[in-house]
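Predicted model, so just to flag it, every value in this text is computed and none were measured. Heavy atoms only: backbone and side chains are in, while hydrogens, waters and symmetry mates are out.
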Amino acid sequence: MGGPKAALLAANVALSLALAGCATINREPFNERQQAEAAIPGMPQARFWADAPGAARLMAPTYAGPQGERSMLALSGGSDNGAYGAGLLSGWTKAGTRPEFTVVTGVSTGALIAPFAFLGADQDATLEQLFTGISSKNIYRNRFPLVIPFSPSIASTKPLAQMIGAVLSDALIDRIAAEHARGRRLFVGTANLDAQRMVIWNIGAIAASKAAGRYALIRQVLLASSAIPAFFPPVMIKAEAGGREISEMHVDGGTTAQILTLPDEAIVAGAVPAAARPLHIYMIVNNKLNGEFKLVKPRTVPIASQAISLNLRRATASTVGLSYLYAKAHGIDFNLTFIDKDYPASDHNLFDTAFMRGLFAYGRKLGETGTFWAKRPPDQDE
C-alpha cells in the first residue's frame, strides 16, 4: 500500500508509539523475597501488611480523651460519592457532637478525606472545596485512544496529583506529625499489586520521621489509594531491599478492602490488645449498603458495571458486618452511616460537580441533625 492514506496511517502509528513510550512504566524485576524485605529508607515505621500478625497492635493509639475514651473513624471508598462523607463531617461539626478522633482510617476516596478529618473541623472548608468545587478535569485526563493499549491506564491522574499537592501542604503534614506525637493515629490503605496484599500506611509516622522524602511519599500514598486499576495509572513507590532500590506498584486500596476498621484477621480472632480497642467506632460508608433495584440493560457495559458494583457493595457489607459483630462482642459502641437507598440515583459523568454538590448537601443536612447513626448494619429489605 502507498499514497497519502498509507503515509497518514504510518504517521498515526508513529505518533501513538511515541506517546505510548511516554506513558510506559519501566522497572527492574524483583522477587518475592525482596518484596518481603522491602522498606522505605529512613522511615522504618512507615507501613505494614494488613494481614500480618500484630497488625492490630500496630494500629493501637497511645492517646485517650479526657474521659479515657477512644474514637475510631473509618472512611470508605466510593469515588465521587466521597462528597457524602465530606458533607456529613461538615454537618457533624455544626451539630456540635463531633469528637476528636483517636484513630482515622481511609481507603480510596476515604483516603483523600482522612487527613482533613484527622486534623479537625478547621479543615471542613477544604473538604467542601474538594468535593463541590471541582469536576473531572481536576481529577484526570483521558489518554489519546490509540495510546491506551500501550499505556498502564485509560486516563492520567496528573491533575489529581497536582490538587493533592496544593491542598495537602507541608505545613498540614507537619500538623499531622504533631498529632502523631500526641498519640493519635492516621492510616491509609493501598493495594500492592505485585504482592497481592493490602498495605496499611502509618501517615503520622511518615510525617514525624523527618526523612527528606516524607512529604512526597504521603502525597504519593494518597494518590495510590485512589488509583482505580486500569482507569487510573498505578503509583510506583520506591522501596529498598538488600541495599537495592525496587519500584513497587500500588493502586486503589479499595481493590482489597473498601473500608478499614481493624484487620479482618484481628476481628475474626477477637484477640486485640486492650489499648487498640476504641470505645466508639464510627464508620462512614460513601455508598449505598442496602438493596437498590435497577433494571439493567442487556448490554456488555451495563452488565459489567452492575456486577462490579454488586461485588463491591457486598464486600463492603461483609466488612461492616464483621466490624459490628466484633464491636458487639467486645462492648464497643458501634455507629454506621451510609447513603440511603432512597437517595435519588442519577446517571452522571464521574466527578460531575452538580452531582457532588447535591450529595454533599444531603450529607451535611444529615450531619446537622445529629441522628444519622445506625447502631447495626441494615437488613437487605430495610
Would Phe334 and Met283 count as a side chain to side chain contact (heavy atoms under 4.5 Å, CB included) if you check the C-alpha gap in whole Å, the side-chain angles of each, and the deciding distance to 0.1 Å?
CA-CA 8 Å; Phe334 177 86; Met283 302 183 75; 3.6 Å; yes
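- Checked by atom type and distance alone, the side chain of Thr105 pairs as donor or acceptor with a backbone atom of Leu260 at under 3.5 Å.
- Between Met72 and Thr102, the closest side-chain pair of non-hydrogen atoms is not below 4.5 Å.
- Between Ser79 and Thr109, every side-chain heavy-atom pair lies at or beyond the 4.5 Å cut-off.
- Of all non-hydrogen atoms in Val107 and Gly253, the two that sit nearest each other are CG1-C, 3.4 Å.
- At least one donor-acceptor pair under 3.5 Å links the side chain of Thr255 to the backbone N or O of Asp252.
- Each of Leu88, Thr371, Ile339 was evaluated against Leu366; a single residue qualifies, Leu88, per the side chain to side chain contact (heavy atoms under 4.5 Å, CB included) test.
- Between the side chain of Ser209 and the backbone N or O of Ile206, at least one donor-acceptor pair lies under 3.5 Å.
- Note that the CG atom of Leu75 and the OG atom of Ser108 stand 11.5 Å from one another [nearest 0.5 Å].
- Gln34 places a side-chain N or O within 3.5 Å of a backbone atom of Asn31 that can act as its donor or acceptor partner.
- The shortest side-chain heavy-atom distance between Glu69 and His280 falls under the 4.5 Å cut-off.
- The shortest non-hydrogen separation linking Ala155 to Pro233 is O-CD, 3.1 Å.
- The CG atom of Leu119 sits 5.0 Å away from atom CD1 of Ile176, with the distance rounded to the nearest 0.5 Å.
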Carefully, step by step, assess Arg175 and Asp122 under the rule salt bridge (charged side-chain N to carboxylate O under 4.0 Å, His left out).
CA-CA 12 Å; Arg175 280 184 58 187; Asp122 68 339; 3.0 Å; yes
Yes or no on salt bridge (charged side-chain N to carboxylate O under 4.0 Å, His left out) for Asp170 and Arg219, after CA distance, side-chain angles and deciding distance?
CA-CA 10 Å; Asp170 292 358; Arg219 295 177 187 122; 2.6 Å; yes
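- Atom NZ of Lys328 has 12 or fewer heavy atoms from other residues, nucleotides or ligands within 6.0 Å.
- His250 is linked by a ring pair (Phe, Tyr, Trp, His ring centres under 6.0 Å) to Trp201, counting only residues two or more places apart in sequence or in another chain.
- Annotation: Phe360 is not in aromatic contact with Phe131 [ring centroid separation under 6.0 Å not met].
- Formation of a donor-acceptor pair under 3.5 Å by the Thr319 side chain with backbone atoms of Ala315 is found in this model.
- Annotation: ring pair (Phe, Tyr, Trp, His ring centres under 6.0 Å) contacts of Tyr140 (sequence neighbours excluded): Phe231, Phe232.
- In this structure, NZ on Lys288 lies 7.5 Å from CG on Asp340, to the nearest 0.5 angstrom.
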Could you walk me through whether Thr337 and Tyr282 satisfy the side-chain hydrogen bond (donor to acceptor under 3.5 Å, both in side chains) test, starting with their C-alpha distance in whole Å, then the side-chain angles of each, then the deciding distance to 0.1 Å, before giving a yes or no?
CA-CA 8 Å; Thr337 185; Tyr282 300 96; over 6 Å; no
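- Ile200 has its side chain out of reach of Thr190: every pair of non-hydrogen atoms, C-beta onward, lies at least 4.5 Å apart.
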Working note: Thr316 + Asn287, criterion side chain to side chain contact (heavy atoms under 4.5 Å, CB included); need CA distance, chi angles, decisive distance, verdict.
CA-CA 9 Å; Thr316 305; Asn287 222 318; over 6 Å; no
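- Met163 places a side-chain heavy atom less than 4.5 Å from the side chain of Leu130.
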Chi angles and distances behind the side chain to side chain contact (heavy atoms under 4.5 Å, CB included) call for Ile203, Phe187
CA-CA 6 Å; Ile203 301 299; Phe187 300 105; over 6 Å; no
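- With Asp333 contributing its side chain and Leu279 its backbone, the two residues share no donor-acceptor pair below 3.5 Å.
- The backbone N or O of Leu160 lies less than 3.5 Å from no partner atom in the side chain of Thr157, so there is not a single donor-acceptor pair.
- Of the residues listed (Asn286, Leu350, Thr353), the one engaging Asp80 in a side chain to side chain contact (heavy atoms under 4.5 Å, CB included) is Leu350, and it is the only one.
- Between the side chain of Asn202 and the backbone N or O of Ala205, at least one donor-acceptor pair lies under 3.5 Å.
- Here the two rings, on Trp373 and Phe338, have centers that are 6.0 Å apart or farther.
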Test log, rule side chain to side chain contact (heavy atoms under 4.5 Å, CB included), inputs Leu289 and Leu336
CA-CA 11 Å; Leu289 271 184; Leu336 170 69; 4.1 Å; yes
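- Across all non-hydrogen atoms, the minimal contact from Gly183 to Pro61 is O-CB, 3.4 Å.
- The aromatic rings of Tyr326 and His330 are tilted relative to each other, their planes meeting at an angle between 30° and 60°.
- Note that CZ of Phe30 is 4.5 Å distant from CG of Asp194, once rounded to the nearest 0.5 Å.
- Atom CD1 of residue Ile237 and atom CD of residue Glu248 lie 7.0 Å apart, to the nearest 0.5 angstrom.
- Residues Val320 and Leu325 are members of one and the same hydrophobic cluster, defined by side-chain heavy-atom contacts under 4.5 angstrom among Ile, Leu, Val, Met, Phe, Trp and Tyr.
- With hydrogens and angles disregarded, a donor-acceptor distance shorter than 3.5 Å links the side chain of Gln258 to the backbone of Gly254.
- Put simply, the side chain of Ile332 reaches to within 4.5 Å of the side chain of Ile281, judged on heavy atoms.
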Quick one, Glu179 with Arg182, criterion salt bridge (charged side-chain N to carboxylate O under 4.0 Å, His left out). Give me CA distance, side-chain angles, the key distance, then yes/no.
CA-CA 5 Å; Glu179 292 304 313; Arg182 288 179 62 207; 2.5 Å; yes
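- The nearest pair of heavy atoms linking Pro377 to Gly321 is CG-CA, 4.2 Å.
- Atom CD of residue Glu240 and atom CD1 of residue Ile40 lie 9.5 Å apart, to the nearest 0.5 angstrom.
- Qualifying side chain to side chain donor-acceptor pair (under 3.5 Å) partners for Asn138, counting only residues two or more places apart in sequence or in other chains: none.
- Of all heavy-atom pairs spanning Thr256 and Ala191, the tightest one is CG2-CB, 3.9 Å.
- Grouping the Ile, Leu, Val, Met, Phe, Trp and Tyr side chains by contacts below 4.5 angstrom, directly or via other members, places Ile246 apart from Met43.
- Put simply, the side chain of Trp49 does not reach to within 4.5 Å of the side chain of Met198, judged on heavy atoms.
- In this structure, Leu112 and Ser226 have side chains that are in contact, with non-hydrogen atoms separated by less than 4.5 Å.
- A side-chain donor-acceptor contact under 3.5 Å links Arg27 to the backbone of Ser247.
- Leu73 and Leu172 fall within a single hydrophobic cluster, where Ile, Leu, Val, Met, Phe, Trp and Tyr side chains are chained together by heavy-atom contacts under 4.5 Å.
- Heavy atoms only, all atoms of each residue included: Arg185 and Met59 are closest at CG-O, 4.4 Å.
- A salt bridge links Arg98 and Asp124; the closest N-O separation between the charged side-chain nitrogens and carboxylate oxygens is under 4.0 Å.
- A cation-pi arrangement is present between Arg184 and Phe118 under the rule of less than 6.0 angstrom and at most 45 degrees off the ring axis.
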